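Encoded as C-alpha cells, the structure appears first; notes follow it.
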Amino acid sequence: MADVRLLLPEPEAGWAAWLGEVFRRLSDAFGPRHWWPSALAPAPAKAGPLEMIAGAILVQNVAWTNAEKAVRALAEAGLLDVAALHAAPVEKIEVLIRPAAYFRQKARRLKELAAHVTARHGGELAAMLRQPLADLRAELLALKGIGPETADCILCYAAGLPVMAMDAYTRRIFSRVGLFDPGVRYGEMQAFFHAHLPEDPDLRGEFHALIDALGNRLCRKREPRCAECPLRDLCGRVGVDADAGS
DNA sequence: GTCCGGGTGA
DNA sequence: TCACCCGGAC
C-alpha cells in the first residue's frame, strides 16, 4: 500500500501526539459515544453480535435513527438470531427494515449473511468472529453488502479487533483540516491512523465514533459550523464557507 | 413539496 | 458512473 500524501507538515511532537490532541478535543466535546454494544436494550441487557452486524449493514447510507428503527423491528420480531434470520422470508425482512432505506438490497444481504454463517460456521457467529483479523476481514469483504467500512466496523465493534473504520466523515474532516487530499483512498487514511494510534480496539472504535459525531453535527458537507468546532484552531479551512466575502 | 446525505455493487 | 431508498431539514 502506497504511503498517503500528507499535506500538513508533521508537527514537532509527531503525528501520534497530534492525533492524541484531536481525540482529546473530540472526546471532551462529544464523548463517550458508547456505540456498541448496547445500541438497543438498556444495560445490562447485552446486545448480541448479530445486532451489531445487522446495524452496521442497515446504517449504510442512512442516519442512525433510520437504522435503529429497523434494528428494533428485527429485534421485536425475534430475527436478531442467525437461525431465525436464515429461516425468515425475505419479504418479511423487507417490511421490517423499511425505515433503513435500500430495504430490498439490505434484506437480501442480511439473509445472505445468515446463510453464510449457517453454511460455514454452523450458525455460530462467534465462531466466525474468532478468526484472525486478516482472515475475518477477507471473509466479510467477500459477502455482498459488506464493503471496507462495514467490514472494519464489524472487526472493531463485534470482533473486538484493533481496527479503525474510515468513512465519508473521516475523509471530509481530515481533508478540510488540511491533512489529506480529498481524493485520499480508504486504505491510505486507515494506514495513517493505524500507524500513529495505539493498537487499542476501544480507543480506535471510540475515535471513529467521535469523528462520526463531528462530521454529523458540525463538519457537515454544506455550511459547516466552524465556529462551534473543537478542532477550529487546528484546521486549515476554518470558516472558508461561513466567512466567504467578509 | 423538494432536496440532501450517504456505502456498496455492477 | 449510476442505481439503490429513507427520514429529516428546509
Side-chain angles (χ1 to χ4, degrees), chain A residues 30 33 35-36 39-40 50-77 79 90-117 136-159 163-176 180 182-190 193 204-205 207-229 237 241-242:
Chain A
F30 303 118
R33 305 302 305 148
W35 263 18
W36 280 297
L40 265 194
L50 187 55
E51 180 203 317
M52 186 274 135
I53 296 172
I57 290 172
L58 292 168
V59 79
Q60 290 166 4
N61 271 351
V62 299
W64 173 245
T65 52
N66 296 39
E68 191 175 22
K69 287 175 191 165
V71 174
R72 179 163 286 118
L74 288 176
E76 286 167 0
L79 294 184
V90 69
E91 297 81 8
K92 178 176 179 181
I93 300 172
E94 288 180 1
V95 173
L96 293 169
I97 68 170
R98 223 177 159 105
Y102 310 102
F103 57 91
R104 278 182 273 262
Q105 290 191 117
K106 288 177 179 177
R108 279 155 185 79
R109 290 164 178 184
L110 289 173
K111 277 194 69 70
E112 285 174 25
L113 170 71
H116 173 84
V117 175
L136 178 55
R137 191 170 197 271
E139 187 172 320
L140 290 169
L141 288 175
L143 292 170
K144 298 264 194 294
I146 299 184
E149 178 182 343
T150 306
D152 289 336
C153 284
I154 293 169
L155 291 169
C156 181
Y157 301 105
V163 174
M164 184 167 159
M166 302 290 108
D167 62 5
Y169 296 144
T170 315
R171 177 176 285 102
R172 183 163 73 230
I173 289 166
F174 289 94
S175 59
R176 281 181 174 168
F180 299 140
V184 65
R185 312 255 286 232
Y186 184 99
E188 293 175 329
M189 288 193 290
Q190 188 178 53
F193 283 95
R204 292 181 176 192
F207 208 167
H208 172 70
L210 289 167
I211 287 169
D212 176 276
L214 179 65
N216 209 328
R217 303 180 195 187
L218 303 180
C219 199
R220 306 177 303 183
K221 193 166 185 177
R222 298 180 318 140
E223 300 179 35
R225 301 182 178 172
C226 299
E228 303 164 53
C229 183
R237 192 179 179 280
D241 293 353

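As the structure is a computational prediction, the values presented were derived from the model and not from experiment. In the text below, chain A, chain B and the rest are named by the order of the sequence lines, each starting its count at 1. Atom set for the values below is all heavy atoms of this structure, side chains included, hydrogens, waters and symmetry mates excluded.
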- Got a sec? Which of residues 91-109 of chain A come in under 4.0 Å of DNA chain C, heavy atoms?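 Heavy-atom contacts with DNA chain C come from A/R98, A/P99, A/A101, A/Y102, A/F103, A/R104, A/Q105.
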- Task: Could you tell me whether A/L143 contacts a base, only the sugar-phosphate backbone, or nothing, with contacts defined as non-hydrogen atoms closer than 4.0 Å?
- Result: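 Sugar-phosphate, no base atom in range.
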- Looking at every strand, decide which applies to A/A63 at a 4.0 Å heavy-atom threshold: base, sugar-phosphate, or nothing.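 Nothing, no nucleic acid heavy atom in range.
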- Query: Does A/D212 come within less than 4.0 Å of A/R33, counting only side-chain N to carboxylate O?
  - Reply: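 Salt bridge: no.
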- Task: Going by the side-chain hydrogen bond (donor to acceptor under 3.5 Å, both in side chains) test, name the single residue among A/R108, A/K106, A/R104 that passes it with A/E94.
- Result: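 Looking at A/R108, A/K106, A/R104, the match for A/E94 under the side-chain hydrogen bond (donor to acceptor under 3.5 Å, both in side chains) is A/R108.
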- Query: Tell me: CD of A/E223 to P of B/dG5, nearest whole Å?
  - Reply: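 A/E223 atom CD is separated from B/dG5 atom P by 10 Å.
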- For B/dG7, does either OP1 or OP2 sit under 4.0 Å from a side-chain N or O belonging to A/Y186?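 For A/Y186, the contact criterion (side-chain N or O under 4.0 Å from OP1 or OP2 of B/dG7) is not met.
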- Do any side-chain nitrogens or oxygens of A/R220 fall under 4.0 Å of OP1 or OP2 in B/dC4?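 Checking B/dC4 against A/R220, no side-chain N or O comes under 4.0 Å of OP1 or OP2.
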- Message: For the aromatic rings, using the six-membered ring if either is Trp, is the centroid distance between A/F193 and A/F174 under 6.0 Å?
- Response: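 Yes, the ring centres sit under 6.0 Å apart.
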Of all the nucleotides listed ([options]), which has the minimum atom distance to the side chain of [X]?
X	options	answer
A/E149	B/dT8, B/dA10, C/dG8	B/dT8
A/P148	C/dG8, B/dG6, B/dT8	B/dT8
A/K144	B/dA10, C/dG7, B/dG6	B/dA10

- Query: Should we count CZ of A/R98 as having more than 12 external heavy atoms under 6.0 Å?
  - Reply: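 Not buried by this count: 12 neighbours or fewer within 6.0 Å.
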